[in-house]
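Here the structure is laid out as structure tokens; the discussion comes afterwards.
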Protein chains: 4
Amino acid sequence: MSPRVSREHMKQRRADIMEAATRIFIKHGYEHTTMKHIMEEAGISRGGLYQYFSNKEDLFEALLEEGLTEEAGTAGVSLEKVESHWMLLMQLIFGEDGHPDTRMDPLAPSKLEFFITGRNDERRRSYGEKRYELVLSIYNEIIKAGQETGEFSDRYDSELLARSIITFVDGLALDHAILSEKKVRLEDQSVLFVDYLKMALGVSSS
Amino acid sequence: MSPRVSREHMKQRRADIMEAATRIFIKHGYEHTTMKHIMEEAGISRGGLYQYFSNKEDLFEALLEEGLTEEAGTAGVSLEKVESHWMLLMQLIFGEDGHPDTRMDPLAPSKLEFFITGRNDERRRSYGEKRYELVLSIYNEIIKAGQETGEFSDRYDSELLARSIITFVDGLALDHAILSEKKVRLEDQSVLFVDYLKMALGVSSS
Amino acid sequence: MSPRVSREHMKQRRADIMEAATRIFIKHGYEHTTMKHIMEEAGISRGGLYQYFSNKEDLFEALLEEGLTEEAGTAGVSLEKVESHWMLLMQLIFGEDGHPDTRMDPLAPSKLEFFITGRNDERRRSYGEKRYELVLSIYNEIIKAGQETGEFSDRYDSELLARSIITFVDGLALDHAILSEKKVRLEDQSVLFVDYLKMALGVSSS
Amino acid sequence: MSPRVSREHMKQRRADIMEAATRIFIKHGYEHTTMKHIMEEAGISRGGLYQYFSNKEDLFEALLEEGLTEEAGTAGVSLEKVESHWMLLMQLIFGEDGHPDTRMDPLAPSKLEFFITGRNDERRRSYGEKRYELVLSIYNEIIKAGQETGEFSDRYDSELLARSIITFVDGLALDHAILSEKKVRLEDQSVLFVDYLKMALGVSSS
DNA sequence: GATGAATGAGGCTTCATTCAT
DNA sequence: AATGAATGAAGCCTCATTCAT
């Protein structure tokens with residue numbers, strides 16, 4: 001009964017709203033973005049917007065989910081078939097090409113905001129923890145696998161290393177969010193961090 | 001008649017407000033703290049509060065300033081007389097005793113919030129950058145001094161190392177703010193990071 | 001092609017919606033029921049619902065009409081053939097068996113709401129008055145007839161007694177709507193009121 | 001410290017708002033009155049209004065409380081000293097002069113609305129029940145006292161009679177709210193009801 | 001006839017800040 | 001200096017109703 005066209009259309013509309021919202025969140029940050037901003041950017045009415053997302057939090061979580069899905073995808077490769085766990089790790093941290101560069105998720109600052117301002121909210125906090133656990137386990141699995149095949153040294157606990165990676169990435173994202181582009185020296189720091197990881201994992205310089 | 005009494009009194013009152021505000025900011029975070037919360041905690045009237053601080057931002061910056069002064073104090077020791085630059089560095093990062101532990105500035109989450117939500121505000125951003133530069137220069141000076149005396153290896157650029165320290169500290173503060181105490185493994189990560197610094201600075205294990 | 005089928009179908013559909021709406025109005029009351037509630041309960045689309053009823057008021061009035069038709073039916077018996085006007089009166093007030101009991105129209109609270117919240121709306125008010133007049137005339141006719149046949153005393157004006165019956169019934173419905181079941185003592189009050197009516201109408205205890 | 005003037009002033013302001021609100025509630029009813037209506041009628045700003053009352057419900061309950069205090073006052077006369085319990089009862093039902101008349105609390109319709117539309121709200125319902133119990137106990141006490149002194153017959157349970165009085169008063173208020181002035185025949189019905197009470201209490205016509 | 005996406009008016013509430021006393 | 005009442009901008013959310021498909 002329900003026209004297929006409509007279903008397609010809604011999907012598209014939803015995607016459009018999410019894109020518009022992304023632009024706005026990047027521009028204003030999470031806290032300072034209002035539903036009105038999003039409405040206007042997306043060219044939709046108040047009520048229309050609320051038909052797709054029941055509030056700002058809900059909408060933002062959809063964006064978070066989307067981002068996570070992409071990341072998880074990258075790691076989705078069956079670990080057993082992997083030639084180089086090191087390569088996989090680099091790809092996960094720095095994206096496709098696996099080289100430290102200046103690209104950074106432009107929504108990252110808002111994501112940090114979302115979790116930081118919501119740290120006293122039960123729901124948000126546990127949501128953040130779940131996300132953290134997920135990402136943690138992805139890194140951890142890779143490192144563990146690498147240690148098992150002997151590619152990595154097992155001098156350090158794999159989980160601890162995984163946490164350190166997250167700490168570094170978060171710290172970098174934070175400073176990048178707060179400081180102007182040039183001040184952070186994103187790339188240099190990344191290279192240095194890779195050295196750090198090489199040391200910790202006992203990987204010889206490639 | 002005697003203005004000095006009044007002057008004293010005002011100083012005290014101001015300090016009281018700042019203490020109260022600190023408690024409140026720790027409890028609710030920057031964004032979710034309202035002037036009313038502070039008023040009530042400080043036992044002062046609305047108008048009274050505004051007599052001391054012209055707005056929330058102003059008040060929070062006073063707290064920031066205070067924190068920075070303390071930090072700078074630690075480093076204020078004339079560098080030339082320092083026996084061990086490594087020790088000084090550790091003290092700066094981990095506080096008085098210089099050992100990685102679980103103590104962390106309880107106001108740190110609010111500070112992150114303050115800068116992250118205000119990253120699009122010209123004034124706030126440049127204020128944040130100035131702070132960053134200041135802290136950066138403190139670390140940088142120490143490392144540079146250590147490298148000059150030969151205590152540290154000069155394999156890495158001192159400024160870059162200084163930045164990395166900040167990145168790590170910020171990342172840790174961020175994760176600590178967002179996740180429950182146990183999840184971050186603050187101490188373990190700190191120990192690992194110290195190992196790394198030793199490597200980068202060519203310091204032999206103490 | 002055969003329009004009658006369609007006609008039948010629409011009738012049924014309309015009746016289904018009314019039933020569903022009744023359930024919802026009973027549950028949430030008039031004001032707090034939304035068209036969405038009704039849609040969902042009736043398993044019909046927004047647009048579909050509006051095809052049958054042009055708005056919430058219209059729909060509710062259909063339910064009112066239905067209720068009135070039933071009541072009028074009870075009294076519809078040709079008055080002349082009636083053996084006992086007292087019996088008829090009791091049936092009208094208390095339903096089929098004519099005995100004071102705890103049954104009460106579950107939609108009554110919503111009906112009161114409808115008229116009370118709408119008392120400043122010209123249209124709704126006059127609609128309410130028409131209904132009142134209708135019910136009034138029904139009671140009045142019976143009492144008048146009873147008085148003419150000598151079954152009832154004519155000590156009191158029949159119309160005034162009719163009004164009093166309505167007042168009592170409305171008062172009972174109101175209290176029943178507002179208070180929990182047990183608090184009203186519906187049945188006891190009814191018995192007392194019947195005693196009173198017997199006195200006023202000069203009916204000996206049955 | 002806080003200026004006495006101010007305290008006085010606030011009391012007055014609060015009273016003014018309540019008066020304005022009363023006018024508005026009488027005019028529009030509870031549901032259809034908005035905080036904006038009240039603001040405008042009271043000549044106060046949005047924020048100002050919320051300083052005195054935290055929402056519409058809170059404000060309305062203040063009006064209810066006020067009304068109840070007045071009623072309770074009437075009954076406050078020590079029951080023992082009362083010459084005629086009948087007289088007291090009449091005063092309670094019909095006001096000071098104790099004679100059935102056409103005066104009726106103009107806020108009554110809104111009060112009914114308040115409790116009827118809120119009947120599914122836990123808080124409101126129990127508030128309504130408490131009120132009912134209070135009024136009930138006032139009537140009950142008087143009737144019981146009258147029965148004990150022999151002024152009233154004890155043929156009927158005093159509590160039941162008290163409930164019936166409330167039912168009647170509520171029914172009358174309801175019909176008065178819904179119908180135009182003339183249709184209810186308030187006074188005639190009241191006289192009739194008094195006859196009813198006389199019968200039930202065994203009071204000879206005065 | 002039916003569908004349900006879209007509209008937008010309308011209400012509620014919070015809070016930083018001002019200002020008369 | 002201190003007080004706290006008052007202001008009003010700004011956000012959030014709901015819901016009856018319309019209309020293109």
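Heavy atoms only: backbone and side chains are in, while hydrogens, waters and symmetry mates are out. Proteins get letters first, then strands, A, B, ... in listed order; numbering begins at 1 in each. The model shown is predicted, which means the values in this text are computed figures rather than measured ones.
- Residue side chain A:Arg46 does not reach the base of F:dT14 through any donor-acceptor N/O pair under 3.5 Å, judged by distance alone.
- For the pair A:Gln51 CD and F:dT17 P, the computed distance is 16 Å after rounding to whole Å.
- Between the side chains of B:Thr117 and B:Glu31, at least one donor N or O sits under 3.5 Å from an acceptor N or O.
- Rounded to whole Å, atom C1' of E:dC15 lies 12 Å from atom CD1 of B:Ile38.
- Here C:Tyr52 lies in heavy-atom contact (under 4.0 Å) with sugar-phosphate atoms only.
- The nearest heavy atom of DNA chain F to A:Asn55 and to B:Gly43 marks one nucleotide each, and the one closer to the 5' end goes with B:Gly43.
- Between the P atom of E:dC19 and the OH atom of B:Tyr50 lies a distance of 13 Å, rounded to the nearest Å.
- Regarding D:Ile17, its CD1 atom lies at a distance of 11 Å from the C1' atom of F:dA5, rounded to whole Å.
- With DNA chain E read from its 5' end, the first of the two nearest nucleotides for A:Ile44 and C:Ile44 is the one closest to C:Ile44.
- As a whole-Å value, the separation of A:Lys36 NZ from E:dA9 C1' is 14 Å.
- Atom NE2 in A:His32 sits roughly 16 Å away from atom C1' in F:dC12 (whole-Å rounding).
- In this structure a side-chain-to-backbone donor-acceptor pair under 3.5 Å is present from A:Arg131 to A:Leu64.
- Annotation: of the two residues near DNA chain F, A:Thr34 and B:Arg13, the 5′-most nearest-nucleotide partner is B:Arg13.
- Atom P of nucleotide F:dA10 and atom CE of A:Met39 are separated by 15 Å, given to the nearest angstrom.
- The partner of E:dT14, taking Watson-Crick or G-U wobble pairs whose two distances both stay under 3.5 Å, is F:dA9.
- Between the P atom of E:dG1 and the CZ atom of C:Phe53 lies a distance of 15 Å, rounded to the nearest Å.
- With hydrogens and angles disregarded, no donor-acceptor distance shorter than 3.5 Å links the side chain of C:Arg124 to the backbone of C:Arg119.
- Panel note: side chain B:Glu113, backbone B:Tyr30; a donor-acceptor pair is recorded below 3.5 Å.
- Pair check for F:dA16 finds E:dT7; Watson-Crick or G-U wobble, both atom distances under 3.5 Å.
- Residue A:Ser45 is the one, among A:Ser45 and B:Lys56, whose nearest nucleotide of DNA chain E lies closer to the 5' end (criterion: closest heavy atom).
- Nucleotide E:dT21: paired with F:dA2 (Watson-Crick or G-U wobble, both distances less than 3.5 Å).
- Here the side chain of A:Asp16 pairs no donor or acceptor atom with the backbone of A:Ala42 at under 3.5 angstrom.
- For C:Met35, counting side-chain heavy atoms from C-beta on, the closest listed nucleotide (F:dA16, F:dA2, E:dA5) is F:dA16.
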